[in-house]
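What follows is a set of notes on a single structure, which appears directly below.
Just so you know, ligand 1 is whichever comes first in the structure, and atom 1 is the first atom listed for that ligand.
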Amino acid sequence: MKLDDLKHTKAKAWIEDVIKMCQPDDVYLCDGSQEEYDRLMQKLVDAGLGTPLKKRKHSFLFRSQPSDVARVEARTFIASKKEEDAGPTNHWTDPAELKKTMTGLYTGCMKGRTMYVIPFSMGPVGSDIAKNGIEVTDSEYVVCNMHIMTRVGTKVLDVMGTDGEFVPCLHSVGKPLAPGQTDEGQWPCADMEHKYISHFPEERLIWSYGSGYGGNALLGKKCFALRIASVLARDEGWLSEHMLILKITNPEGRVKYITGAFPSACGKTNLAMLIPTLPGWKVETVGDDIAWMKFGKDGRLYAINPEAGFFGVAPGTSDFSNKNAMESIKENTIFTNCGLTEDGDIWWEGIGYPAKGELIDWHGKKRPAPEKDKSPKGEEIAHPNARFTAPARQCPVIADNWEDPQGVPIDAFLFGGRRPSTIPLVHQSRDWNHGVFLGSIVGSEVTAAVISDQVGQVRRDPFAMLPFCGYHMGDYFKHWIEIGKKTSADKLPKIFYVNWFRKDENDNFIWPGYGENSRVLAWIFDRCDGKDNAVDTPIGWMPKEGAINTDGLDVSKEQMKEILSVDVEGWKKEIKDIRENHYPKFGKKLPKELTEALDTLEKRINASGSCCCKQ
Ligand code: SAT
Ligand code: MN
């Protein structure tokens, strides 16, 4: 397609300005076709950037530069007009200055390259909850990934018409080519100090420069669907959240929908695709990373998955940890920074089987296969943040209505993190504001493997949105409180805090997790179904004794008691940490409802004495 085919006046004007600034050799408007994907992928293979995988149909492996392996939070900016609006958890920078610096970088940055114009929809095309964007990029890798992760092409332009809304997303790898110069098989990107992942919330504009990787470059994902969308959601009265969406069906055939927010490395994708161990229960996937939720006419919240694919962490994914993910990546998948086997397949640490012979690691170096499926830290065959990009429709348990433009009605929200102590397996908030409180205190305990001076401390990641909220987090909490006032309490999703990661005194996990988490989901389901299966405790509602089905489970009665009781001393420390270290960060913007929830919790905990409230 040619640029002249673009009928949207504002989009055309914006793109013409970008062309003047970036000075590409060529401009190409993406139509989203398979032919287009195949042609651009071939270009990447011919350039020595992508390797076709003999063992996986229509799948390719890419290796990035070592400096370009993950999102770069230190180079991610929220350039709101006022610093205060970005809040204490974002990097703020003055928008005018940032634009000046970046315009300097963008000037001539696409020389020697083709500029691709990608019209895309986040969410089913034309859905009332979906939104359009146009990403301009000089990376074929980005175009191919966007084909999988979003809905791309002509159909989106049709919906946009001549004046429909869209979010402009500008991206360049920041590596112009001199006449005759090529990438010589090297992943193009800029040095770290020249990378910028910038958001202009008032203008709903994204400018990204210097990185070709994941959330830095696939601008529909974290940049648009979370950082900019969170601002839109605040202004328009809906929710843009870092949440999986799952559909759960009980043995009687009744269905509920649950969304869940967890910080990274807590098994969100695994939970979204869980295979229940409880007989008769079924879990299906609607989304694994992001949920956009709007109120329907009936006053309930309806969620769509704005994405069309999975951009999942490869290491640790196996038939044991996530069989459905393994099935999803059998073909038509892009792998980035995984190992390559002699017979032309990918390999990573934790894939569940040892590799044979020699491998090529993510640096492109030949290496003997490790003896087991692990490698010492820093010497991995696959980078720990190696990724697969796979179409969601390839997931064997994708829900048949995952693309319903109306979304799915949400019954429950889950919050969770890695908490070796204190937080029980599951508890439910007393009401909406108490649930918002639970979301606001989400965190994961830092283990010895991470940063030594923080071991044992909780690193808070409210709503798992810390790196993804496009405005002041105190205002974000306030927005959640306001959402709770928009409909009657019975129509709001119930809110639960789960913790699969409790440990015993020998540092072993008490709860087996994975498919066994279906036992907790079943309790939550029944709770939403009005079953009398809970008791009131100082921290909220918890399962009645025996209400969590433990048939065939290798966890003793005492252990169940341990993970399902209120740890009074632990909660006292928790409350102190929230009051002294966590909440003060938000200053005046911390909603009074959250301080009230903390005060109530403290009163109830103190009133319960030092007993352990074991049932
Ligand atoms: O790189 S992404 O932002 O897409 C993935 C992640 O960091 O969660
Ligand atoms: Mn994520």
* Asked: Which atoms from ligand 1 have a heavy atom of G215 less than 4.0 Å away?
  ->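 Selected atoms, number and element: 1 (O), 2 (S), 3 (O), 4 (O).
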
* Which of the atoms in ligand 1, numbered in the order shown and given with their element, are less than 4.0 Å from a heavy-atom of F311? ->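 Numbered from 1, ligand 1 contributes 1 (O), 4 (O).
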
* **NE2 (H242) - the Mn ion (ligand 2) - OD1 (D289) angle, nearest 10°** =>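 So the angle at the metal works out to 90°.
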
* May I ask you to check if ligand 1 and G214 share an N or O to N or O distance below 3.5 Å? =>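 The answer is no, given that G214 and ligand 1 share no N or O pair closer than 3.5 Å.
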
* Asked: Between F496 and F413, does the ring centroid distance fall short of 6.0 Å?
  ->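 No, the ring centres sit 6.0 Å or more apart.
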
* To do: Taking both backbone and side-chain atoms into account, decide whether I290 has an N/O/S atom under 2.8 Å from the Mn ion (ligand 2).
  =>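 Within the cut-off used here (under 2.8 Å), I290 places no N, O or S atom near the Mn ion (ligand 2).
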
* Please work out whether the ring planes of F166 and W14 are parallel, tilted or perpendicular, with thresholds of 30° and 60°. =>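 Tilted.
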
* To do: Specify whether W207 and F200 have parallel, tilted or perpendicular ring planes, treating 30° as the upper limit for parallel and 60° as the lower limit for perpendicular.
  =>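 W207 vs F200 ring planes: perpendicular.
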
* To do: For D85 and Y471, indicate whether the former's side chain and the latter's backbone hold a donor-acceptor pair under 3.5 Å.
  =>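 No; judged by distance alone, with no hydrogens or angles, the pair does not exist.
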
* Asked: Do any N or O atoms from the side chain of R204 and from the backbone of P201 form a donor-acceptor pair under 3.5 angstrom?
  ->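 Yes: the side chain of R204 pairs with the backbone of P201.
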
* What residue and atom, counting heavy atoms only, is the protein's closest point to atom 3 (O) of ligand 1, and at what distance? ->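 Looking at atom 3 (O) of ligand 1, the protein heavy atom closest to it is R71 CD, 2.7 Å.
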
* Option of least heavy-atom distance to atom 4 (O) of ligand 1 (set: K268, R387, K221) ->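 Checking each option, the heavy atom nearest atom 4 (O) of ligand 1 is found in K221.
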
* To do: Taking the side chain as every heavy atom from C-beta outward, state whether N216 and D68 have any atom pair closer than 4.5 Å.
  =>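 Result yes, sub-4.5 Å side-chain heavy-atom pair found.
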
